[in-house]
Protein chains: 2
Amino acid sequence: MAANIQDTIILFGDSLTELGSEAGGLVQRFSAVYKRKLDVLNRGFNGYNTRWALHVLPQILATKSEQPHVPKVRLLTIWLGANDAAIPSNVQHVPLSEYASNLTQLIRTVTDPSSAHHSTGTGVIVITPPPVNTVQWRAYKASKVPSEELDRLFETTREYAEKAREVAGGEGVVVVDVWTRIWKEAGEVEEGLSALLTDGLHLNERGYEIVFEEVISAIKVNFPELYYENLKETFSLFGEIDYANPGPSLQKRKIL
Amino acid sequence: MAANIQDTIILFGDSLTELGSEAGGLVQRFSAVYKRKLDVLNRGFNGYNTRWALHVLPQILATKSEQPHVPKVRLLTIWLGANDAAIPSNVQHVPLSEYASNLTQLIRTVTDPSSAHHSTGTGVIVITPPPVNTVQWRAYKASKVPSEELDRLFETTREYAEKAREVAGGEGVVVVDVWTRIWKEAGEVEEGLSALLTDGLHLNERGYEIVFEEVISAIKVNFPELYYENLKETFSLFGEIDYANPGPSLQKRKIL
């Protein structure tokens with residue numbers, strides 16, 4: 001029974017998105033700046049690759065006939081590849097060519113006019129997976145009981161990030177190249193990534209801060225009407241209320 | 001175009017709720033434990049009292065005829081009174097008797113069968129305002145340019161918290177007595193509140209942690225089916241996927 005009062009931003013992806021609801025995470029940072037403007041929905045799924053995500057995305061987006069009745073998705077981020085890039089013996093592995101085709105299909109779920117979930121009012125941003133620190137990740141896997149072998153390679157994740165850039169470019173959607181930005185921040189040495197990752201694969205608060213800044217900048221440039229500072233609050237600020245006759249000043253208003 | 005895929009928890013109130021989307025705040029803590037289960041919506045409005053909130057609540061809740069088409073509100077928290085309790089010369093002030101009547105009307109928006117927004121499937125929790133530290137708040141107001149006078153009194157906020165307990169009890173809804181819990185944590189001395197408040201009125205991370213624990217405990221006791229550990233994720237965990245034939249194991253499922 002939540003009324004259709006605020007439109008939404010959907011953050012879709014794997015554990016990098018799911019863990020973003022923790023303090024300092026990507027979802028939390030988005031929620032803080034978009035409060036009273038857009039609802040930020042965490043649609044992150046720990047461990048998922050693009051093959052499995054393909055089954056889920058159509059279920060979390062309304063069909064064209066449902067769209068008039070539910071909150072609009074103003075922005076959709078797709079952040080997948082960190083699990084696809086696992087080594088071939090790992091059940092999460094998805095070959096690079098299939099990753100490209102799956103990512104294309106995920107994007108087209110929204111952008112293709114023939115898709116049941118096509119939406120012209122939804123901005124799409126593809127985020128590349130961050131680089132892996134195999135020194136940290138190897139130690140983390142070894143520390144498990146029973147201990148596990150290294151299942152991610154630095155060079156492989158780089159290839160998947162490159163492929164994500166290529167696919168997003170080909171599809172004409174915005175890409176945020178987290179891989180390159182994080183790699184530069186680490187001084188382009190694998191050990192330097194320890195300052196940005198908790199375990200070699202997942203981001204710490206500083207890592208999330210960088211991703212947040214990159215995605216917000218991409219919004220400001222590519223979808224300026226959705227940049228949080230350009231939106232009004234759905235309901236009046238305290239100082240905008242007509243205290244003598246509050247009712248009319250407390251009606252829902254357009255935020256953009 | 002967000003599909004109706006997850007039900008919601010609505011946190012409704014003033015700045016104590018609105019600021020809860022910051023790292024360590026109440027909304028963030030709820031979002032982290034309910035991710036993949038229920039969407040937690042921040043409906044906090046800085047500076048609002050119950051008089052103004054009365055105009056807003058019906059707009060953020062679906063009417064009975066809309067309810068079948070939008071996400072269900074499984075839980076609604078109402079956390080107001082910190083601004084009503086301002087001194088009479090402050091525009092935010094609402095007399096105690098009107099506070100009681102407004103709070104009653106807010107609750108009945110959901111619980112009264114004759115209300116256009118009546119919902120049997122929504123649990124209601126009233127949260128009492130926390131105690132004010134006038135030492136801290138006086139200093140904060142004095143530090144403004146131009147400086148402002150003290151506009152909250154310790155004893156007054158205590159009365160509003162008592163009234164909230166009384167109203168909630170009379171209406172048969174759950175009350176979480178944050179005032180008393182925070183006061184005890186402060187050793188029942190006003191200066192002790194500095195460890196829990198940022199400025200004498202608003203909560204810091206430790207203050208929010210206590211509120212979170214109290215509200216979550218109230219959910220566990222009064223609405224055990226909604227306690228986060230008793231809910232399944234909307235979509236399968238990674239380990240529950242049928243890797244050979246993933247489709248059927250990746251359909252949306254009932255979480256309770």
Side-chain angles (χ1 to χ4, degrees), chain A residues 1-8 10 18 21-25 27-29 31-32 35-36 39 41-48 51-52 55-56 58-64 66-67 69-73 83 91-92 110 117 119 121-122 205 233 235 237-239 241 243 246-247 250-252, chain B residues 1-8 10 18 21-25 27-29 31-32 35-36 39 41-48 51-52 55-56 58-64 66-67 69-73 83 91-92 110 117 119 121-122 205 233 235 237-239 241 243 246-247 250-252:
Chain A
M1 52 163 276
N4 185 353
I5 204 82
Q6 285 191 186
D7 291 342
T8 67
I10 290 189
E18 181 177 339
S21 287
E22 298 297 328
V27 185
Q28 182 267 308
R29 291 175 192 270
S31 301
K35 67 186 161 58
R36 300 183 62 174
D39 288 325
L41 305 183
N42 184 337
R43 294 293 182 266
F45 302 92
N46 175 45
Y48 278 41
R51 189 184 292 162
W52 304 325
H55 292 276
V56 171
Q59 298 181 67
I60 68 174
L61 298 177
T63 59
K64 279 182 272 193
E66 292 166 339
Q67 287 172 17
H69 308 292
V70 295
K72 286 186 178 60
V73 182
N83 297 318
V91 70
Q92 295 169 296
V110 174
H117 304 84
S119 169
T122 302
E205 283 194 36
E233 291 77 11
F235 291 99
L237 292 176
F238 160 45
I241 297 171
Y243 305 127
L250 287 167
Q251 298 306 300
K252 183 194 172 186
Chain B
M1 50 163 277
N4 185 354
I5 203 84
Q6 286 191 184
D7 291 342
T8 67
I10 289 190
E18 182 176 340
S21 287
E22 298 296 328
V27 185
Q28 181 266 307
R29 290 174 192 271
S31 301
K35 66 188 160 59
R36 300 184 61 173
D39 287 326
L41 304 183
N42 184 338
R43 294 293 181 265
F45 301 93
N46 174 44
Y48 278 41
R51 190 183 291 160
W52 303 325
H55 292 275
V56 171
Q59 298 180 68
I60 68 174
L61 298 177
T63 59
K64 279 183 273 194
E66 291 166 340
Q67 286 172 18
H69 309 290
V70 295
K72 286 187 179 59
V73 182
N83 296 319
V91 70
Q92 295 168 296
V110 174
H117 304 84
S119 169
T122 302
E205 282 193 37
E233 290 77 12
F235 292 97
L237 293 175
F238 160 46
I241 298 169
Y243 306 127
L250 286 168
Q251 297 306 299
K252 183 194 172 186

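Proteins get letters first, then strands, A, B, ... in listed order; numbering begins at 1 in each. Owing to the predicted nature of the structure, the values given are computational and were not obtained by experimental measurement.
By the salt bridge (charged side-chain N to carboxylate O under 4.0 Å, His left out) test, A/Arg29 is found to be paired with no residue, residues two or more places apart in sequence or in another chain being considered.
Interface residue B/Asn46: backbone and side-chain heavy atoms are both found under 4.5 Å from chain A. Within the 4.5 angstrom heavy-atom criterion, no atom of A/Arg51 approaches chain B. Of the atoms belonging to A/Glu18, heavy atoms from both backbone and side chain fall under 4.5 Å from chain B. Heavy atoms closer than 4.5 Å to chain B are found nowhere in A/Glu233, neither backbone nor side chain.
Put simply, of A/Gln251, A/His69, A/Glu66, the one with the most heavy-atom pairs under 4.5 Å next to chain B is A/Gln251. Heavy-atom pairs under 4.5 Å with chain A peak, among B/Gly25, B/Gly239, B/Pro58, B/Gly247, at B/Gly247. Contacts with chain B were tallied for A/Asn42, A/Ile241, A/Asn83; A/Ile241 has the most, counting heavy-atom pairs under 4.5 Å. Ranked by heavy-atom pairs under 4.5 Å with chain A, the list B/Arg43, B/Gln6, B/Arg36, B/Lys252 is led by B/Arg36.
The shortest side-chain heavy-atom distance between A/Val27 and B/Lys35 does not fall under the 4.5 Å cut-off.
The distance from the CD1 atom of A/Ile60 to the CD1 atom of B/Ile5 is 7.5 Å, given to the nearest 0.5 Å.
When all heavy atoms are compared, the tightest approach of B/His55 to A/Pro246 is NE2-CG, 3.9 Å. Scanning both residues, B/Ser21 and A/Gln28, for their nearest heavy atoms gives O-NE2, 3.0 Å.
Checked against A/Phe235 for a ring-ring contact (aromatic ring centres under 6.0 Å, His included), the options B/Trp52, B/Tyr48, B/Phe45 give a single hit: B/Phe45.
Checking side-chain atoms of A/Gln59 against main-chain N and O of B/Leu250 turns up a donor-acceptor pair under 3.5 Å.
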